[in-house]
Amino acid sequence: MTPLLGLVRVPGDKSIGHRACMLAALGDGRSTVRGLSGGGDNRSTRSALVALGVTQTRLDPETIGFEGVGLRGLRASDAPLDCGNSGTTLRLLMGILSGQTGRFVLTGDASLRRRPMKRVADCLRRLGADIALPEGDHAPVVVTGGSLTGATVEGAVASAQVKSAVLLAGLMGVGPTRYREPEDTRDHTERMLRALGVPLDRTSDGGWVVTPVVALPPRDWQVPGDPSSAAFFCAAAALVPGSEIRLPGVCLNPGRTGFLRVLARMGASVSVEDRETRDGEPVGTLVARSGPLRGVTIAPAEVPACIDELPLLALLAATAEGETRITGAAELRVKECDRIEAVARLLRDDGAEVEVLPDGWHLAGGHRPRGGFTAACHDDHRIALCAAILGRAAPRPIALDSPGAIDVSYPDFLLTLARLGGAAGDPRP
Ligand code: S3P
């Protein structure tokens, strides 16, 4: 196996990218967003905002200019807003549109239309939002904008999307809105609102309280590299002997770097250099090298900070020395696909021993990747990326049944993997 060697600039962080576009749209005047990912999910947010009346201009290959319409200035569109594959687009817009004027229908692709929306609607209704779910728990979602009151809201699930929808709606409430989540989740919305000068504080019970504002200022946002994308190269480097990959400018928000803490426990060699703070977010260079891995236990409390990387950690754990148990991750069943079943299928198709738990996996460890099959990716970018990494570590190639799914978060991934010496096989069926 040829080692993976070189430097990779991963796309802009998807979570921060969505929020930067939305906050730029709601600002008074021109904002810019630099380093935005060109992936399908961030494109979904941009096109929904165009449909809501927000003019955008590409200023250079890296930068989009947004003509902000003001906090309550989004315009209702006749056609449903297509959020594509992006849960963050749909759920955060539910919060923002609750305080606008007009009626908005939000929908998405087949995967997004299977994902739960009542968790967001229930919380926003506490602020007086008018939200209808004609299909039950799923999109399409009908939001009729109106005046919102401040409220105290308890989230039933640990979800940064639900929290963000409430805090963004809270900007337009009458009186403060408090939100408490069952576990801490990524705090990009909080950091970004504070960067805009919004009064947002922690409550004594570990929640957040946001005070409404009359307007949001424009700002030049710099989106750091996506740690969830960087994680795939850290995994590839760990698996392929002799590899060393440098990943500069990666967001190191502790709410996102749970995978680094787990990798350290597994004995992987990933170090951090050039630490700095950009736009309130810690950023640094990851240097990932190959090395043996050992099995670990990932406890429920650790899950929110590595929720999107758990499929990849399960893959690594399958190859590690010793057993791994991952629990408390039932949320994976309602992501872009049922990621617990999808990962088990991928690993079993490769010959690994995996026990599926209701909320995670038990992995026997000791698996040597084999390859030589077509992976079922379920049109889910993270499963397709896992299959590509597994294939790169195997002596025979793994074809992907839906390589196009990767476009959602990392359009150039397969090319980049090949450039690092990764052309081990044709990833298409
Ligand atoms: C995200 C939050 C997480 C994560 C998703 C992006 C966000 O979802 O899985 O990829 O940007 O807030 P949940 O909030 O549903 O856990």
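Both ligands and their constituent atoms are indexed starting at 1 by order of listing.
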Inset, instruction - Using heavy-atom distances, let me know which of H18, K14, R19, R119 sits nearest atom 7 (C) of ligand 1. - result: R19
Inset, instruction - Kindly say whether I340 contributes a backbone atom to a donor-acceptor pair with the side chain of W361 at under 3.5 angstrom? - result: yes
Inset, instruction - Compute the shortest N/O to N/O distance between A160 and ligand 1 and return yes if it is under 3.5 Å, no if not. - result: yes
Legend entry - Top protein contact for atom 14 (O) of ligand 1, by heavy-atom distance: S159 OG, 2.7 Å
Legend entry - SB check K14 D226 (cutoff 4.0 Å): no
Legend entry - Residue, atom name and distance, where the atom is the protein heavy atom closest to atom 1 (C) of ligand 1: Q161 NE2, 3.5 Å
Legend entry - Any pair counted as side chain to side chain donor-acceptor pair (under 3.5 Å), so long as it reaches residues 28-38, sequence neighbours left out: R30-E67, T32-D220, R34-T63
Legend entry - Neighbour count >12 (heavy atoms, 6.0 Å) for atom CD, E353: no
Legend entry - Any N or O of R382 closer than 3.5 Å to N or O of ligand 1: no
Inset, instruction - Indicate whether the side chain of K163 and that of T185 have a donor and an acceptor atom separated by less than 3.5 Å. - result: yes
Legend entry - Pick from H188, K335, K163: the one approaching atom 3 (C) of ligand 1 most closely through a non-hydrogen atom: K335
Legend entry - For R113, all residues meeting side-chain hydrogen bond (donor to acceptor under 3.5 Å, both in side chains), sequence neighbours excluded: none
Inset, instruction - Among all protein heavy atoms, pick the one closest to atom 11 (O) of ligand 1 and tell me residue, atom and distance. - result: S15 OG, 2.7 Å
Legend entry - Which segment of R186 sits under 4.0 Å of ligand 1 when only heavy atoms are counted: side chain
Inset, instruction - Give the residue and atom name of whichever protein heavy atom lies nearest to atom 4 (C) of ligand 1, and the separation in Å to one decimal. - result: D308 OD2, 3.3 Å
Legend entry - Salt-bridge criterion met for R202 and D184 (N-O under 4.0 Å): yes
Inset, instruction - Mind checking whether R91 contacts ligand 1 via backbone (N, CA, C, O), side chain (CB onward), both or neither, at a 4.0 Å heavy-atom cut-off? - result: side chain
